Protein chains: 2
Amino acid sequence: MKYRAEITTQLKEGMLDPEGDTIQRALMHLGYDVSGVHTAKKLLIELEADSADDATKMLDEMCQKLLANPVIHNYSIKIQ
Amino acid sequence: MKYRAEITTQLKEGMLDPEGDTIQRALMHLGYDVSGVHTAKKLLIELEADSADDATKMLDEMCQKLLANPVIHNYSIKIQ
């Protein structure tokens with residue numbers, strides 16, 4: 001069966017986020033009162049699996065192997 | 001008042017997504033039956049605004065001016 005999933009990877013609390021900092025500075029230069037910007041990446045994945053549990057297991061493996069760096073990223077998996 | 005918002009920018013339907021294609025190929029090489037990968041960017045923004053409506057208006061301006069390219073991106077704004 002075909003499943004659609006959403007994976008979000010985000011830097012762990014306390015990790016430097018230079019891209020977010022740059023965006024924050026740019027927004028402040030434009031006159032917006034922004035006190036913090038954090039970046040995250042979202043991947044929308046279509047995959048074939050026997051069950052939703054099976055899909056979640058595979059997606060977790062994908063994150064561990066390829067999509068996230070468990071040392072610096074938190075990730076979440078949402079089956080749609 | 002302080003608001004937290006989530007902005008998601010994604011390539012419009014039909015736009016080439018080479019990053020997504022590369023991830024899909026890499027996952028297929030690892031043996032996963034993946035039929036599509038689309039990438040999106042999420043920004044978590046903390047900002048000062050008078051009301052939720054005001055915050056949404058400002059965030060929409062930010063997207064138009066800086067955060068998204070309206071020619072190639074769709075974006076969505078969610079106040080938390």
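Note that this is a predicted model, so its numbers are computed, not measured. Below, read A as the first sequence line, B as the second, and so on, with proteins coming before strands; counting in each chain starts at 1.
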Nearest heavy-atom approach of A:Asp50 to A:Tyr3 is O-OH, 4.1 Å
Side chains of A:Leu27 and B:Met62: closer than 4.5 Å at any heavy-atom pair? yes
Does anything in residues 57-73 of chain A form a side-chain hydrogen bond (donor to acceptor under 3.5 Å, both in side chains)? List the pairs, not counting sequence neighbours. A:Asp60-A:Tyr75, A:Glu61-B:Tyr32, A:Gln64-A:Tyr75, A:Lys65-B:Tyr32
Could you give the side-chain donor-acceptor pairs of residues 4-16 of chain A under 3.5 Å, partners two or more places apart or in another chain?
unit_1, atom_1, unit_2, atom_2, d
A:Arg4, NH1, A:Glu46, OE2, 3.0
A:Glu6, OE1, A:Gln80, NE2, 3.1
A:Lys12, NZ, A:Pro70, O, 2.8

Checking heavy atoms, do the side chain of B:Ile45, its backbone, both or neither come under 4.5 Å from chain A? both
Select, from A:Lys2, A:Glu19, A:His38, the one with the greatest count of heavy-atom pairs under 4.5 Å involving chain B. A:His38
Let's test your reading of the structure: which of B:Leu44, B:Leu47, B:Leu67 forms the most heavy-atom pairs below 4.5 Å with chain A? B:Leu44
